[in-house]
Amino acid sequence: MADPKGFLNHGREVARTRPVEERVKDWNEVYVPGSLLPIISKQASRCMDCGIPFCHNGCPLGNLIPEWNDYAYREDWSAASERLHATNNFPEFTGRLCPAPCESACVLGINQPAVTIKNVEVSIIDKAWDTGDVAPQIPERLSGKTVAVIGSGPAGLAAAQQLTRAGHTVAVYERADRIGGLLRYGIPEFKMEKRHINRRIEQMRAEGTRFRTGIEIGRDLKATDLRKRYDAVVIAAGATTARDLPVPGRELKGIHQAMEYLPLANKVQEGDYVAPPITAEGKHVVVIGGGDTGADCVGTAHRQGAASVTQLEIMPRPGEERNPGQPWPTFPMLYKVTSAHEEGGDRVYSVSTTHFEGDEDGNVQWLHLAEVEFIDGKLTQKPGTERKIPAQLVTLAMGFTGTDVENGLVSQFGLELDARGNIARDADFATNVPGVYVAGDAGRGQSLIVWAIAEGRSAARGVDRFLTGASDLPAPIRPTDRSLMV
């Protein structure tokens with residue numbers, strides 16, 4: 001234990017953000033560069049090194065949190081990085097993007113603010129990159145076996161890196177023009193600058209992983225042909241079928257899925273456009289959906305110069321403290337103020353869109369809504385609460401319903417789906433097709449980045465065992481594992 005009185009002597013401090021008026025004028029990460037390092041040793045000392053560290057259960061990767069907290073407290077950054085990478089291929093991704101279920105499960109969080117696990121994690125990995133502690137891990141010998149990974153999001157990249165390091169020849173197929181999946185085009189630059197992805201890709205190239213962009217399996221290359229080329233296949237194509245809003249006026253121009261809107265803003269940062277084809281500039285923007293993707297749309301609209309931004313959520317406003325129905329160490333539903341919300345805009349809860357209204361040219365101009373409430377467990381519209389708000393750009397950020405079944409990948413492989421429309425798999429993450437495995441949201445359904453990486457690592461073990469008869473690769477989770485929820 002680093003400091004037995006650390007949690008008594010020091011309060012919780014988190015990374016400082018840049019002033020709103022400064023950061024909304026650029027697309028850089030919102031945090032003050034270097035602000036964590038002076039405080040992180042004290043923050044790491046707050047870790048209690050519990051006899052039973054529930055943070056391990058909160059994290060599907062099984063991160064060795066008390067160990068690297070101790071090293072960070074002692075400023076042994078090299079050892080901290082080694083412990084961090086023992087369970088997580090990409091801590092710079094999770095340290096920036098994960099909602100930190102480990103902190104919800106922190107034992108200190110029973111009666112005090114939890115340890116800033118996420119901030120310690122990102123400090124360790126950023127320091128490791130600065131000091132050269134992150135190096136390619138090139139396999140000593142090759143197995144002679146080949147693996148195709150479909151999708152280059154966190155699950156696909158994790159599976160590819162694990163299998164490459166095990167000695168297999170791995171090729172990652174990505175339908176977009178750049179590697180990264182939703183990390184590349186779904187996460188705005190102000191949440192994670194894409195240089196973090198780029199240097200991981202370079203590390204993976206040095207290790208031997210090959211990347212094929214602009215190829216959609218099912219359309220550009222038949223799944224059956226891919227299966228013939230490789231000894232095994234890992235499907236990590238995500239759950240990319242967006243939930244729609246079938247109400248009158250949906251066909252009006254200016255109403256877009258979040259994943260139509262957000263990638264274009266990121267492509268501007270990549271240099272593909274001078275200005276995005278879909279922009280919030282000067283418009284009244286309405287974001288439908290109160291989750292993280294909705295918040296990403298809010299922050300993007302601010303930076304594009306929206307006239308106003310309103311975020312709608314059909315569910316009631318969560319509380320700011322745990323309610324009795326979500327006790328420690330479960331992951332509670334709490335009211336969150338993200339960096340995007342700090343920048344302005346309105347948040348409206350317990351409302352449902354009834355229809356859209358447009359102008360004579362077919363452009364959306366108004367969104368009609370009504371308040372809703374739960375009656376006998378069902379959401380019901382409250383009479384007399386209808387009203388309309390200006391809406392010249394509407395983004396739908398209501399989540400995803402499953403993997404893409406229209407591009408031919410599922411049917412060409414002959415894959416079975418489970419009751420929720422996800423690709424079915426067994427305890428080894430294997431599908432009903434021999435040699436074909438599935439990891440991440442394609443098999444689990446829409447989930448968190450930390451679960452995607454854990455699934456990629458676990459599926460890699462199944463593939464390695466299929467190819468060689470045995471495997472020393474770790475498998476942190478089973479396909480049936482779920483978050484600590486009530």
Side-chain angles (χ1 to χ4, degrees), residues 14-15 29-31 36 40 43-44 47 53 55-69 72 80-106 114-129 133-134 152-162 180-184 186-188 190-201 203-204 236 238 291-293 295-296 331 336 338-339 439-441 444 446-458 460 474 476-477 481 483-484:
V14 297
E29 289 183 4
V30 300
Y31 297 104
L36 274 175
I40 211 62
Q43 291 306 299
C47 180
C55 55
H56 286 187
N57 295 63
C59 175
L61 283 167
N63 280 337
L64 307 173
I65 295 165
E67 295 184 34
W68 43 258
N69 272 330
S81 174
E82 187 277 327
R83 290 286 79 194
L84 192 55
H85 281 100
T87 57
N88 188 350
N89 297 71
F90 314 118
E92 66 271 39
F93 301 167
T94 52
R96 286 174 168 83
L97 305 175
C98 182
C102 54
E103 293 188 17
S104 298
C106 174
V115 174
T116 54
I117 298 171
K118 183 175 170 180
N119 279 183
V120 176
E121 177 182 22
V122 80
S123 298
I124 293 170
I125 183 56
D126 285 354
K127 185 72 173 179
W129 279 108
D133 280 331
V134 183
S152 67
L157 292 179
Q161 187 167 63
Q162 292 293 94
L182 288 182
L183 293 172
R184 172 73 65 181
I187 302 298
F190 58 82
K191 282 183 67 175
M192 187 179 74
E193 296 172 7
K194 300 307 174 278
R195 60 187 176 88
H196 300 297
I197 303 174
N198 295 339
R199 61 188 179 187
R200 276 297 178 185
I201 293 170
Q203 180 200 34
M204 292 178 67
D292 288 339
T293 302
D296 293 344
F331 188 66
K336 292 197 306 181
T338 70
S339 64
D441 291 1
R444 173 170 293 270
Q446 179 182 341
S447 190
L448 305 177
I449 181 174
V450 68
W451 281 95
I453 296 174
E455 289 228 350
R457 290 171 65 87
S458 298
I477 60 171
D481 288 340
S483 301
L484 284 172

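- Scanning both residues, His85 and Ile125, for their nearest heavy atoms gives CE1-CD1, 3.4 Å.
- Between the side chain of Ser152 and the backbone N or O of Gly180, at least one donor-acceptor pair lies under 3.5 Å.
- Using a 4.5 Å cut-off on side-chain heavy atoms (C-beta onward), Ile65 and Pro53 make no contact.
- Looking at every heavy atom in both residues, Phe190 comes nearest to Asp296 through CZ-O, 3.9 Å.
- In this structure, Arg184 and Asn198 have side chains that are in contact, with non-hydrogen atoms separated by less than 4.5 Å.
- Here the closest heavy-atom approach between residue Trp129 and residue Arg200 is recorded as CZ2-NE, 3.6 Å.
- For Arg457, there are no salt bridge (Lys or Arg N to Asp or Glu O under 4.0 Å) partners, not counting sequence neighbours.
- Using a 4.5 Å heavy-atom cutoff, the side chains of Gln43 and Leu36 are not in contact.
- Residues Ile124 and Ile40 are not in side-chain contact: their nearest non-hydrogen atoms beyond the backbone lie 4.5 Å or more apart.
- Proximity of Met204 to Leu157: side-chain heavy atoms (C-beta onward) are separated by under 4.5 Å at one or more points.
- Considering only residues two or more places apart in sequence or on other chains, Asp133 meets the salt bridge (Lys or Arg N to Asp or Glu O under 4.0 Å) condition with none of them.
- Here the options are Pro60, Pro91, Pro154, Cys98, the test is side-chain contact (heavy atoms from CB on, under 4.5 Å), and the partner is Ile453; only Pro154 passes.
- At distances below 3.5 Å, at least one donor-acceptor pair connects side-chain atoms of Glu455 with backbone N or O atoms of Gly440.
- A 4.5 Å side-chain heavy-atom check between Cys55 and Pro66 finds at least one atom pair inside the cut-off.
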For this session: Check the pair Ser483 / Trp451 against side chain to side chain contact (heavy atoms under 4.5 Å, CB included), numbers first and verdict last.
Result: CA-CA 9 Å; Ser483 301; Trp451 281 95; 3.1 Å; yes
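- By the side chain to side chain contact (heavy atoms under 4.5 Å, CB included) test, Ala460 is found to be paired with Gln162, Leu163, Leu473, residues two or more places apart in sequence or in another chain being considered.
- For the pair Arg444 and Ile477, the minimum side-chain heavy-atom distance is below 4.5 Å.
- Under 4.0 Å is where a charged nitrogen must lie from a carboxylate oxygen, and between Arg199 and Glu92 no such pair does.
- Asn119 places no side-chain N or O within donor-acceptor distance of the main-chain N or O of Val14, the cut-off being under 3.5 Å.
- Met192 CE to Ile187 CD1: the interatomic distance, rounded to the nearest 0.5 Å, is 7.0 Å.
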For this session: Before giving the answer on side-chain hydrogen bond (donor to acceptor under 3.5 Å, both in side chains), spell out for Asn88 and Arg83 the whole-Å C-alpha distance, their side-chain angles and the decisive distance to 0.1 Å.
Result: CA-CA 9 Å; Asn88 188 350; Arg83 290 286 79 194; over 6 Å; no
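- Inter-residue side-chain proximity for Ile449 and Phe90 is flagged as unmet; no heavy-atom pair is nearer than 4.5 Å.
- Between Leu448 and Pro99, the shortest heavy-atom contact is CD1-CG, 3.6 Å.
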Exercise. Where do Glu29 and Arg96 land on the salt bridge (charged side-chain N to carboxylate O under 4.0 Å, His left out) test, with the steps shown first?
Worked result: CA-CA 10 Å; Glu29 289 183 4; Arg96 286 174 168 83; 3.1 Å; yes
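- Shortest non-hydrogen contact noted between Gly58 and Ala105 is CA-CB, 4.0 Å.
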